[in-house]
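Single-structure report; data block below.
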Amino acid sequence: MRLIRDASAPRRRGVVILSNRFRRAFFATLYIICTVPPAAADTLVFRENAAGYTGTQDSFLQQSAPASGHGSLDRAEWDSDDPPGSGQDNVALVRFDNIFGGGANQIPLGAQITSATLTYDVINEGGVANVYEAAVAWSESVTWNGFGGSPGVQAGELGAFVGNASGTLGTRTLNVTASLAVWSEDPALNRGWIFLPASTDGCEFRSSENATTSLRPTLTVVFNEGGPAPSLVRHAYLQQGTSDSVIIVWRTNIPCDSRVRFGPAPDQLTQEITSSSSVTDHVVTLDDLAPATRYYYEIGTTAAVLAGGDTNHYFDTAPPTDTTPRFTAWVVGDSGAGSSAQTAVRDAMLAHVGPDLPSIYIHVGDMAYNSGADSEFTNRFFLPYQDILRHTVCWPVIGNHEGQTSDSASQTGPYYQAYVLPTAGEAGGLPSGTEAYYSFDFANVHFVALDSYETDRSPGSPMLTWLDADLADTAADWIVAFWHHPPYSKGSHDSDTEVELIDMRENVLPILEAAGVDLVLAGHSHIYERSYLVDSAYDTPTTAAGHVVDSGDGRTSGDGAYTKSAGLNAHEGCVYVVAGHGGAGLSQEGTHPLMYFTELEHGSCILTVEGNALSLRNIRHDGVVSDWFDLIKLGLPGDIDGDGDADATDVALFVDVLLGLDAAPSHVAAADINQSGAPDGDDVQPFVTALAG
């Protein structure tokens, strides 16, 4: 079931993109632009049968008793294993009615909500619950079978993510300010909160029917306290980085103007861009920059600095596309579960790379579980990665979870609100006319990002027509493509049975492989899988016979690197990687016949490209490098350094490789002139022949 989308005014491009399109951002900030000044600060406390208030609704849904209502009980509860061993859920519900209006003890419509706190008293200690706003109406007589459109709580019946509710014994609180800010402008949206269990340890708390009035659920709301100062909701993050430009994005709690100051050092921020437009989503473009250069920056308003002006806020412009420097890309998929595994994956990558931080960040989708809601993006993507995003450009693709609340046809929803992606070839490649799919160049690599979920994947469709033309237009040395649904997988999803995966294999791979694609990255299937060097395996079900170009491990230190001819050549093979192991729960249905390596562990990948050598390493959550491969593009025989000829420089490199003094993957692969799997004495005569011309 898909959540309702808001398809209001389109984003405007310019120095600053104005984009208060969605109801939550609009309602939470409307009071700032009202001409009527706020009233004096006030506080109201809502508790059933206290100070004349009635209107608390609370109950719980019980899967093991699906036709029973529990609204009259003196307790409510959440549990994911009731009765024990059954794996059946109890889901708690709480709502406060009659809290908005013009009465003496009501919150005035449109009031500025300074803070709102839900207090509840735990009487049977248990695990935490994930709390969401309810997206459907309910009453205290509701049952498991009667909630929403089908039994239980479905994804489409969950509204914005609110936070985690503690199950620890005693009086507990939950910050619900964001909910009240929205409901203050439209009380009809007040359907209360849903408490979904996050563990098998159930929790019980006192309901509004409990005999002890002071311990019943309580809502405390402070409003009209005066205008708050601007603060960051989403810290600075980078978009659409090129060799001469970058876009800096951030979000504030209230509308305000924008300013970016930047320069060659934190204390030399000599250049400035400002906008007087009052926005919450700030999108500022810096251009006319020098290529392959580090700049430092700060963000804020014309009156105050909100962040930056230090060594942690910087960006590096991309190298020119006709150069071949070494660079790395961090590849992550299916991460946004808000889990400890997500954090461990991030920290393992940082520990592995040390000071050699990735140049770009590729995310292959599902970065905001469960439904790609705006608050889930904030809490499960921008918050855990904020220290990386402030200096590393992120290039994403939409996943099926983001697709629940975002629409590629209209380019609306939280996914499209969050990212500023090229539509007119701003970062290289041909204009796609949409943020749903695009391409960009970085050094000598052409990256292609596709939409495998929301956009038409059929032959002759606009996306595939654009793809064919875009690939034909590139002059890069390498092609790397990425999208969400993998063409080959036997992890939590089966590429032989699911339509998106089949479509990408049967319709998209022939175009890519005819253009000489080298590497394809995907997620969706919650596992890590890495293929052999393969080609033309388009059938369903997939078979390996006749499609494995190189059946080795692809490792310079093992069977030898995978090799291809220099440049882009049709059907010389491609490596396929499923990186759906970034933080969500893992599972596996089998082993795919095209996969050299499969592992059911959380992790992420580091892609490295340097000249004619490409490599990928799988960095597990515990820091172990569990898989890797090298892919080398060979030039003329004897051309060890890849400069286009065999000369005296290559002699020294060839000798160093044979003596074990040079282990660079590209040099080792080039020195294996007879392609026996490793350089040895048998390569000497072929090298001499090549050297002689």
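Everything numeric in this text was worked out from a predicted model, so none of it was measured. Note: hydrogens, waters and symmetry copies are ignored here, and every other heavy atom, side chains too, is used.
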(request) Indicate whether the side chain of S408 and that of D451 have a donor and an acceptor atom separated by less than 3.5 Å. (result) yes

(message) Assess the residue pair S604 and W330 against the criterion (side-chain hydrogen bond (donor to acceptor under 3.5 Å, both in side chains)); give the C-alpha distance rounded to whole Å, side-chain angles, the decisive distance to 0.1 Å, and a yes or no.
(response) CA-CA 7 Å; S604 63; W330 187 32; 2.8 Å; yes

(message) Which label fits Y361 and Y385: parallel for a plane angle under 30°, tilted from 30 to 60°, or perpendicular past 60°?
(response) perpendicular

(request) Please identify each residue that fulfils ring pair (Phe, Tyr, Trp, His ring centres under 6.0 Å) with F96, with sequence neighbours left out. (result) none

(request) To the nearest 0.5 Å, tell me how far F195 CZ sits from L93 CG. (result) 9.0 Å

(request) Enter the distance from D473:CG to D468:CG here, rounded to the nearest 0.5 Å. (result) 11.5 Å

(request) For the residue pair E435 and T423, confirm or rule out a side-chain donor-acceptor distance under 3.5 Å. (result) no

(request) Without swapping roles, check the side chain of S375 against the backbone of F161 for a donor-acceptor pair under 3.5 Å. (result) yes

(message) Can you see whether S432 engages T434 through a side-chain donor-acceptor pair at a distance of less than 3.5 angstrom?
(response) no

(request) Working to the nearest 0.5 Å, report the span between NE2 of H446 and CG of L471. (result) 6.0 Å

(request) Compute the ring centroids of Y237 and W250, then answer whether they are less than 6.0 Å apart. (result) no

(message) Using ring centroids (six-membered ring only for Trp), state whether Y297 and H313 fall under 6.0 Å.
(response) yes

(request) Could you pull out the closest heavy-atom pair between F100 and S184, with the gap in Å? (result) CE2-CA, 3.4 Å

(request) Could you please spell out the steps behind the side chain to side chain contact (heavy atoms under 4.5 Å, CB included) verdict for R259 and I273? (result) CA-CA 6 Å; R259 181 178 70 178; I273 294 180; over 6 Å; no

(message) Could you measure the distance from the CD atom of E376 to the CD atom of Q404? Nearest 0.5 Å is fine.
(response) 8.5 Å

(request) Determine the minimum heavy-atom distance between W138 and R191, stating which atoms define it. (result) NE1-O, 2.8 Å

(message) Within this structure, what is the CG-SG distance for the pair L421 and C394, rounded to the nearest 0.5 Å?
(response) 8.5 Å

(request) Anything under 30° is parallel, anything over 60° is perpendicular, the rest tilted; go ahead and classify F377 against Y415. (result) tilted

(message) Testing the 3.5 Å rule here: is there a donor-acceptor pair between the side chains of Q240 and S245?
(response) no

(message) Under a 3.5 Å cutoff, is there a donor and acceptor pairing between the side chains of S439 and D470?
(response) yes

(request) Look at the aromatic rings of F315 and Y295 and report parallel, tilted or perpendicular, splitting at 30° and 60°. (result) parallel

(request) Grab the two heavy atoms, one from M367 and one from P396, that are nearest each other, plus how far apart they are. (result) CE-CB, 3.9 Å

(message) Show the nearest heavy-atom pair for residues S243 and T317, with the distance to one decimal.
(response) O-CB, 3.7 Å

(request) Provide the closest heavy-atom pair for Y437 versus L450 in the form atom of the first, atom of the second, distance. (result) CB-CA, 4.0 Å

(message) Using the rule given for salt bridge (charged side-chain N to carboxylate O under 4.0 Å, His left out), can you reason through D374 versus R234, listing the C-alpha separation, both sets of side-chain angles and the distance that settles it, and then say yes or no?
(response) CA-CA 11 Å; D374 188 79; R234 292 179 182 172; 3.3 Å; yes

(message) With rounding to the nearest 0.5 angstrom, report the OH to CZ distance, Y314 to R390.
(response) 10.0 Å

(request) Consider only side-chain N and O atoms of N130 and N164, and report whether a donor and an acceptor are under 3.5 Å apart. (result) yes

(request) Verify, without hydrogens or angle tests, whether W466 (side chain) and L430 (backbone) share a donor-acceptor contact under 3.5 angstrom. (result) yes

(request) Could you walk me through whether Y528 and L586 pass side chain to side chain contact (heavy atoms under 4.5 Å, CB included), step by step? (result) CA-CA 9 Å; Y528 172 77; L586 306 173; over 6 Å; no

(message) Taking L501's backbone N and O only, do any of them form a donor-acceptor pair with S495's side chain (distance below 3.5 Å, no angle check)?
(response) no

(request) For H401 and S371, test the side chains for any donor-to-acceptor distance below 3.5 angstrom and give the result as yes or no. (result) no

(request) Would you check if there is a donor-acceptor pair between the side chains of S525 and H493 at a distance under 3.5 Å? (result) no

(message) Can you confirm whether the side chains of D257 and T302 place a donor and an acceptor under 3.5 Å from each other?
(response) yes

(request) Using atom types as modelled and distance alone, determine if a side-chain donor or acceptor of T301 lies under 3.5 Å from a backbone N or O of A304. (result) yes

(message) Please check: side-chain N/O of S339 versus main-chain N/O of Q342, any donor-acceptor pairing under 3.5 Å?
(response) yes

(message) Using only atom types and a distance under 3.5 Å, with no angle test, would you say the side chain of N253 pairs donor to acceptor with the backbone of S231?
(response) yes

(request) Would you please say whether a donor-acceptor pair under 3.5 Å links the side chains of H484 and D366? (result) yes

(message) Name the residue from H524, H526, E498, E529 that meets the side chain to side chain donor-acceptor pair (under 3.5 Å) definition with S489.
(response) E529

(message) Assess the residue pair F223 and Q112 against the criterion (side chain to side chain contact (heavy atoms under 4.5 Å, CB included)); give the C-alpha distance rounded to whole Å, side-chain angles, the decisive distance to 0.1 Å, and a yes or no.
(response) CA-CA 5 Å; F223 57 94; Q112 173 197 328; 5.8 Å; no

(request) Go through the side-chain N and O atoms of D287 and T285 and say whether any donor and acceptor fall under 3.5 Å apart. (result) no

(request) Using modelled atom types only, decide if a donor and an acceptor are shared between the side chain of Q239 and the backbone of V420 within a distance under 3.5 Å. (result) yes

(message) With no hydrogens and no angle check, just 3.5 Å: does a side-chain donor-acceptor pair link R505 and T540?
(response) yes

(message) Does the structure place the NZ or CZ of R95 under 6.0 Å from the centre of the six-membered ring of W193, at an angle of no more than 45° from the ring's axis?
(response) no

(request) Name all residues meeting the ring pair (Phe, Tyr, Trp, His ring centres under 6.0 Å) criterion together with W395; count only those two or more places apart in sequence or in a different chain, and write none if there are none. (result) Y438, F440

(request) Check E157 against G149 and note the closest heavy-atom contact, atom names and distance. (result) OE2-N, 3.0 Å

